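First comes the structure, then the notes that go with it.
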2 protein chains.
Amino acid sequence: MSETKPTYTIQNVVASASLFVKVPLEKVAKKLTNTEYNPEQFPGLVIRLEQPKISALIFSSGRIVVTGAKSKAMVEEAVEEIKKELKKVEIETTKKPEIEIQNVVASGDIGMKLNLNKLAFQLETSEYEPEQFPGLVYKVPKSHITFLLFGTGRIVCTGAKTKKEVKDEVEKLVKTLKKFVK
Amino acid sequence: MSETKPTYTIQNVVASASLFVKVPLEKVAKKLTNTEYNPEQFPGLVIRLEQPKISALIFSSGRIVVTGAKSKAMVEEAVEEIKKELKKVEIETTKKPEIEIQNVVASGDIGMKLNLNKLAFQLETSEYEPEQFPGLVYKVPKSHITFLLFGTGRIVCTGAKTKKEVKDEVEKLVKTLKKFVK
DNA sequence: TTTATCATATTTATAAAACATTTATAAATA
DNA sequence: TATTTATAAATGTTTTATAAATATGATAAA
């Protein structure tokens with residue numbers, strides 16, 4: 001009898017790209033109010049957009065990092081918007097940026113309570129220190145995927161490159177967990 | 001079966017010499033733009049050359065230190081160039097400077113992954129504090145040579161006086177390491 | 001008071017971590 | 001109610017450690 005139908009939602013997509021043009025960050029920071037720039041703290045300039053609602057890092061090399069998106073389409077929209085923002089301060093981009101998805105984060109629910117103390121022993125590649133963090137950290141073997149498992153049955157999947165990878169890994173996780181429950 | 005052919009490249013040669021003439025650093029600093037002089041910070045004047053690309057320290061005593069060279073020939077070239085620079089500001093050198101190589105730094109690859117945690121115990125005269133610096137520091141016994149060993153198999157050799165010494169020490173190191181791998 | 005050592009500055013390879021950004025999750029603290 | 005703890009990923013700069021000579025000033029131990 002299987003009562004567990006895992007559900008999950010993509011919560012964050014991080015992507016990188018190159019604008020193929022050097023960016024004078026000091027100048028951009030002065031002219032655009034939706035930016036933050038503290039080079040002695042971090043070399044990238046932070047820009048926050050309302051539509052789509054994301055945050056991005058722009059580096060003087062022209063490389064950018066988009067965070068907070070929910071999908072690849074949203075990342076593409078964001079890059080177009082960043083190009084428009086830069087155009088406002090006379091920075092023209094000619095080449096089409098090649099966008100690369102670097103990380104997909106999803107949260108979900110596997111529909112069953114988890115005994116983390118027990119799981120910490122059953123899952124070889126896991127770490128669980130409740131007084132430090134309430135979730136159990138499970139690094140999937142031979143994979144770059146990491147799960148955060150909570151006693152409530154809620155989970156966080158991070159390190160994926162695609163939506164499909166999230167789906168496959170969550171299904172694999174549920175199968176693994178069910179073995180222990182039996 | 002020996003899959004490990006160590007490779008290495010001389011990366012830096014530091015040498016000292018005397019010009020056998022007092023140098024008025026304040027005056028030199030004012031007339032030559034390729035120099036830096038902050039006596040309250042450091043007593044030597046810094047001069048940077050384009051051809052050959054090196055940096056040197058000149059002291060009021062007439063002693064100089066050449067850094068950033070790749071070979072002894074490059075050091076000799078540098079000293080000649082420094083003499084020319086000083087001639088521009090009416091400082092004549094008569095005696096031939098005796099150049100002494102003080103340090104030869106080389107980087108290389110021994111072609112095998114290293115378990116630094118294990119090596120830290122096996123190599124008596126080594127120190128390894130990964131949270132401070134990722135490399136293991138190995139001081140070769142009864143020698144002035146020090147190696148930096150990295151988990152990747154890349155190495156740095158420093159403290160040598162000659163190219164030959166680098167070669168011999170790297171070969172010796174590889175033999176030592178292979179003993180532990182077996 | 002004298003003799004140490006230490007920091008100042010220069011170069012070079014090596015590599016790991018911190019810095020900042022986002023997002024869900026949840027327990028504890030301030 | 002906001003922060004801290006932990007996770008992944010990219011971006012790029014700085015710090016960490018090594019050896020050597022040179023020469024000042026500053027502490028620090030004898």
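Given the structure is predicted, the values throughout are model-derived calculations rather than measurements. To find a chain, count down the sequence lines: A is the first, B the second, and so on, and within it residues start at 1.
- Relative to the side chain of B:Phe42, the nucleotides D:dA20, C:dA20, D:dA23 differ in distance, and D:dA23 lies closest.
- With C:dT11, C:dA24, C:dT14 as the choices, the nucleotide that has an atom nearest any side-chain atom of B:Val14 turns out to be C:dT11.
- Both A:Ser61 and B:Phe59 lie close to DNA chain D; mapped to their nearest nucleotides by heavy-atom distance, the more 5′-ward contact belongs to A:Ser61.
- Ring orientation note: the planes of A:Phe59 and A:Phe42 are nearly perpendicular, at an angle over 60° on the 30°/60° scale.
- Here the side chain of B:Val65 is nearest to one of D:dG12, D:dT7, D:dA21, namely D:dA21.
- Relative to the side chain of B:Gln11, the nucleotides C:dT14, C:dA13, C:dT23 differ in distance, and C:dA13 lies closest.
- The phosphate of D:dA8 (OP1 or OP2) has no side-chain N or O of A:Lys161 nearer than 4.0 angstrom.
- Between the CG atom of B:Leu136 and the P atom of C:dA16 there is a distance of 14 Å, given to the nearest Å.
- In the set D:dA8, D:dA19, C:dA24, C:dA24 carries the atom at the smallest distance from any side-chain atom of A:Val156.
- With hydrogens and angles ignored, no donor-acceptor pair closer than 3.5 Å exists between the side chain of A:Ser16 and the base of D:dA10.
- Note that CD1 of A:Ile110 and CG of A:Leu177 are 5.0 Å apart. Values are rounded to the nearest 0.5 Å.
- Using Watson-Crick or G-U wobble geometry with both donor-acceptor distances under 3.5 Å, C:dT8 finds its partner in D:dA23.
- The line from OH of B:Tyr8 to CZ of B:Arg154 is 15.5 Å long, rounded to the nearest 0.5 Å.
- Residue A:Gln132 places its side chain closer to D:dT5 than to any other of D:dT5, D:dA23, C:dT10.
- Remark: side-chain polar atoms of B:Asp109 are paired, donor with acceptor, to backbone N or O of B:Gly111 under 3.5 angstrom.
- The side chain of B:Gln102 lies closest to D:dA21, out of C:dA20, D:dA17, D:dA21.
- Among the nucleotides C:dT21, C:dA15, C:dA9, the one closest to any side-chain atom of B:Leu57 is C:dA9.
- Checked against D:dT13, C:dT8, D:dT16, the side chain of A:Pro43 finds its nearest nucleotide in D:dT13.
- Between the P atom of D:dT11 and the CD1 atom of A:Ile101 lies a distance of 14 Å, rounded to the nearest Å.
- A 6.0 Å sphere centred on NZ of B:Lys83 holds more than 12 heavy atoms belonging to other residues, nucleotides or ligands.
- Between A:Arg63 and D:dA10, a side-chain N or O to OP1/OP2 separation shorter than 4.0 Å is absent.
- Proximity of B:Thr158 to the phosphate of C:dT12: no side-chain N or O atom is located under 4.0 Å from OP1 or OP2.
- Taking side-chain N and O atoms only, A:Ser55 has a distance below 4.0 Å to OP1 or OP2 of C:dT22.
- The CD1 atom of B:Ile155 sits 10 Å away from the C1' atom of C:dT14 (whole-angstrom rounding).
- B:Thr9 comes within contact range of no nucleotide atom at all, as no heavy-atom separation falls under 4.0 Å.
- Phosphate proximity of D:dA8 to A:Lys139: present, with a side-chain N or O under 4.0 Å from OP1 or OP2.
- Note on B:Val46: only backbone sugar-phosphate atoms sit closer than 4.0 angstrom, heavy atoms only; bases stay farther off.
- Considering only side-chain N and O atoms, A:Gln41 lies under 4.0 angstrom from the phosphate OP1 or OP2 of C:dA20.
- When the side-chain nitrogen and oxygen atoms of B:Ser60 are compared with OP1 and OP2 of D:dT24, one or more of them lie within a distance under 4.0 Å.
- Note on A:Ser107: every side-chain N or O is 4.0 Å or more away from OP1 and OP2 of C:dT25.
- The nearest whole Å value for the distance from the CZ atom in A:Arg154 to the C1' atom in C:dA26 is 11 Å.
- At least one donor-acceptor pair under 3.5 Å links the side chain of B:Thr67 to the backbone N or O of B:Ser55.
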